[in-house]
*Asks:* 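Quick one: structure below, then a few questions.
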Amino acid sequence: QVPLVESGGGSVQAGGSLTLSCAVTGYTDRDTYIGWFRQTPGNGREGVAVISIGGDGPYYRDSVKGRFAISRDDTGENTVTVYLQLNSLKPDDTAMYYCAAATREPWIAFSPFSTHEYKYWGQGTQVTVSS
């Protein structure tokens, strides 16, 4: 089991900002991709932003380009923290946000926003944006 621990969710008004953090331990080689996904009740998880430990990406879904930013930081021995900065938040951004970890296999196509690629998931952190 690879621990992924999210933090930083909360409630803000439209136009506000939040920073989400995902601490990843023990899954930090260059082929690792860390993605942020979100889910609303009754819907599947959708990819929001993805970055790789080895420097590939970042990737963003169209609806968050220019508003969200994903970054990573080596924060300890075998630990990486991946941040998702959420700016200019809209009510439609309200969701449970999850971080997840995947390994890209060599010579095999990788879909960064496909939930099937990700083996490990955090517990989620709620983001609520009011109008």
Side-chain angles (χ1 to χ4, degrees):
Q1 184 69 30
V2 176
L4 296 96
V5 180
E6 301 111 330
S7 61
S11 297
V12 295
Q13 292 190 325
S17 298
L18 285 171
T19 301
L20 308 184
S21 301
C22 175
V24 185
T25 303
Y27 205 59
T28 56
D29 61 29
R30 293 183 58 83
D31 296 326
T32 298
Y33 284 69
I34 303 298
W36 282 98
F37 293 77
R38 64 187 182 187
Q39 186 174 24
T40 54
N43 294 303
R45 293 181 185 181
E46 61 180 22
V48 175
V50 177
I51 195 169
S52 83
I53 303 301
D56 187 27
Y59 304 92
Y60 296 99
R61 71 179 298 108
D62 287 345
S63 63
V64 307
K65 286 180 181 177
R67 300 189 299 121
F68 291 7
I70 189 171
S71 61
R72 51 149 291 200
D73 189 20
D74 295 332
T75 51
E77 184 173 351
N78 208 24
T79 299
V80 172
T81 299
V82 177
Y83 302 96
L84 185 66
Q85 178 66 41
L86 292 72
N87 299 320
S88 302
L89 281 162
K90 305 175 181 179
D92 284 349
D93 296 318
T94 295
M96 184 71 79
Y97 282 70
Y98 299 88
C99 68
T103 296
R104 183 171 188 173
E105 300 296 335
W107 313 115
I108 297 176
F110 180 77
S111 300
F113 288 144
S114 173
T115 58
H116 300 294
E117 299 278 11
Y118 294 81
K119 184 176 182 180
Y120 301 108
W121 293 83
Q123 79 286 355
T125 186
Q126 178 68 37
V127 172
T128 303
V129 185
S130 58
S131 57

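Note that the coordinates shown come from a computational prediction; the quantities given were computed from them, not determined experimentally.
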*Asks:* Between Leu20 and Val127, is any pair of side-chain heavy atoms under 4.5 Å apart?
*Replies:* yes
*Asks:* Got a second to check how far Ile51's CD1 is from Thr32's OG1, nearest 0.5 Å?
*Replies:* 12.5 Å
*Asks:* Can you measure from CD (Glu6) to CH2 (Trp121) and round to the nearest 0.5 angstrom?
*Replies:*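 With rounding to 0.5 Å, CD (Glu6) is 9.5 Å from CH2 (Trp121).
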*Asks:* Grab the two heavy atoms, one from Gly9 and one from Thr125, that are nearest each other, plus how far apart they are.
*Replies:* N-OG1, 3.1 Å
*Asks:* Could you tell me whether the side chains of Ser17 and Asn87 share a donor-acceptor contact shorter than 3.5 Å?
*Replies:*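 Yes - a donor-acceptor pair under 3.5 Å links their side chains.
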*Asks:* Applying side chain to side chain donor-acceptor pair (under 3.5 Å) to Gln13 and Ser130, what does each step give before you reach the verdict?
*Replies:* CA-CA 5 Å; Gln13 292 190 325; Ser130 58; 4.8 Å; no
*Asks:* With a 4.5 Å limit on heavy-atom distance, are the side chains of Arg38 and Arg61 in contact?
*Replies:* yes
*Asks:* Over 60° means perpendicular and under 30° means parallel, so classify the ring planes of Tyr33 and Phe110, tilted if in between.
*Replies:*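 The arrangement is tilted - the two ring planes meet at 30° to 60°.
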*Asks:* Please give me the minimum heavy-atom distance between Tyr60 and Ala69, naming the atom from each residue.
*Replies:* OH-CA, 3.3 Å
*Asks:* If we ignore hydrogens and angles and just use 3.5 Å, is the side chain of Tyr98 paired with the main-chain N or O of Gly35 as donor and acceptor?
*Replies:*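 No: the side chain of Tyr98 does not pair with the backbone of Gly35.
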*Asks:* Nearest 0.5 Å please: distance from the CD atom of Gln39 over to the CD atom of Gln126.
*Replies:* 10.5 Å
*Asks:* Could you walk me through whether Phe37 and Tyr97 satisfy the ring-ring contact (aromatic ring centres under 6.0 Å, His included) test, starting with their C-alpha distance in whole Å, then the side-chain angles of each, then the deciding distance to 0.1 Å, before giving a yes or no?
*Replies:* CA-CA 6 Å; Phe37 293 77; Tyr97 282 70; over 10 Å; no
*Asks:* Find the distance between CG (Asp73) and OH (Tyr83) and round it off to the nearest 0.5 Å.
*Replies:*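 Asp73 atom CG to Tyr83 atom OH measures 5.0 Å (nearest 0.5 Å).
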*Asks:* What are the two closest non-hydrogen atoms of Gln85 and Leu18, and how far apart are they?
*Replies:* NE2-O, 3.5 Å
*Asks:* State, with a plain yes or no, whether a side-chain heavy atom of Pro106 is found less than 4.5 Å away from one of Ile108.
*Replies:*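 Of all side-chain heavy-atom pairs linking Ile108 with Pro106, none is under 4.5 Å.
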*Asks:* Is the closest basic N to carboxylate O distance between Lys65 and Asp62 below 4.0 Å?
*Replies:* yes
*Asks:* Considering all heavy atoms of both residues, which atom of Ala49 and which atom of Phe113 are nearest to each other, and what is their separation?
*Replies:*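 Where Ala49 meets Phe113 most closely, the heavy atoms are N-CE2, 3.9 Å.
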*Asks:* Taking the side chain from Thr94 and the backbone from Val129, do they hold a donor-acceptor pair closer than 3.5 Å?
*Replies:* yes
*Asks:* Look at the side chain of Thr128 and the backbone N and O of Ser11, then say whether any donor-acceptor pair between them is shorter than 3.5 Å.
*Replies:* no
*Asks:* State the OG1-CE distance between Thr40 and Met96, to the nearest 0.5 angstrom.
*Replies:* 11.0 Å
